[in-house]
2 protein chains.
Amino acid sequence: MKAIVNVALKQGVLDDQGKATHHALDTLGFKEVVKDVRIGKQIIIELNSSSKENAKAEVTNMCEKLLANTVIEDYEIEIVG
Amino acid sequence: MKAIVNVALKQGVLDDQGKATHHALDTLGFKEVVKDVRIGKQIIIELNSSSKENAKAEVTNMCEKLLANTVIEDYEIEIVG
């Protein structure tokens, strides 16, 4: 079983990596096209779990303990396969 | 229009961030559950584009020029909204 965890900065938290990428895209000629850029992490975890419910619970636990800084980041978990 | 770009290291390229996270999860008590961890980037771009086809073409161009290092990374583009 596989979990896809997307971790992104909360709205309102300065995303300096996104800002820098936006600026770089502007200078590369995408100024007219790009309105905003935000950058997060995608964590893909291969799991030994008996059910999707167990997998979701385990991965939520991992996010709270390690994968996300819940003060400034939001996370979304998708269990596949 | 919004583009979601997932950039991940190619299979066979050492993912040290993923390895370190895997080790940390092991020490936190998830040793039985976690088989493998890989970490990539998720880039969310707000676009001014007239069509999904244009948006996809522009974002592919951005990936080739800046967002991904195509020597060691693969990217996937999804256009939404």
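Bear in mind the structure is a predicted one, so any value in this text is a computation, not a measurement. Residue numbering restarts at 1 for every chain, and letters A, B, ... go by the order of the sequence lines.
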- With the 4.5 Å side-chain cut-off for hydrophobic clustering, are L66(A) and Y75(A) part of the same group? yes
- Options V5(A), V33(A), I45(A), ranked by heavy-atom pairs under 4.5 Å with chain B, top entry: V33(A)
- Task: For each of E58(B), K41(B), M62(B), tally heavy-atom pairs with chain A at distances under 4.5 Å, and name the one with the top tally.
- Result: M62(B)
- Answer yes or no: are there more than 12 heavy-atom neighbours, outside K31(B) itself, under 6.0 Å from its atom NZ? no
- Item | S49(B), part contacting chain A, at a heavy-atom distance under 4.5 Å | side chain
- Query: Among the clusters formed by ILVMFWY side chains lying less than 4.5 Å apart, do V37(B) and V7(B) turn up in the same one?
  - Reply: no
- If Ile, Leu, Val, Met, Phe, Trp and Tyr residues are connected whenever their side-chain heavy atoms lie under 4.5 Å apart, and connections chain through other members, are V13(B) and V71(B) in the same group? yes
- Which of the residues N54(A), T21(A), N6(A) is involved in the greatest number of heavy-atom pairs with chain B at under 4.5 angstrom? N6(A)
- Note on the structure: When rounded to the nearest 0.5 Å, the distance separating NZ of K2(B) from NZ of K35(A) is 11.5 Å
- Item | ILVMFWY cluster, L28(B) and I77(A) together (side-chain gap under 4.5 Å) | yes
- So which of E32(A), R38(A), Q17(A) has the biggest tally of heavy-atom pairs under 4.5 Å with chain B? R38(A)
- Message: Please check if the number of heavy atoms outside E76(B) that lie under 6.0 Å from its CD is greater than 12.
- Response: no
- Query: Is chain B contacted by the side chain of N61(A), its backbone, both, or neither, given a heavy-atom distance below 4.5 Å?
  - Reply: both
- Rounded to the nearest 0.5 Å, how far apart are NE2 of H22(A) and CD1 of I43(B)? 13.5 Å
- Interface check, chain A: of V59(B), L67(B), I39(B), most non-hydrogen pairs under 4.5 Å belong to I39(B)
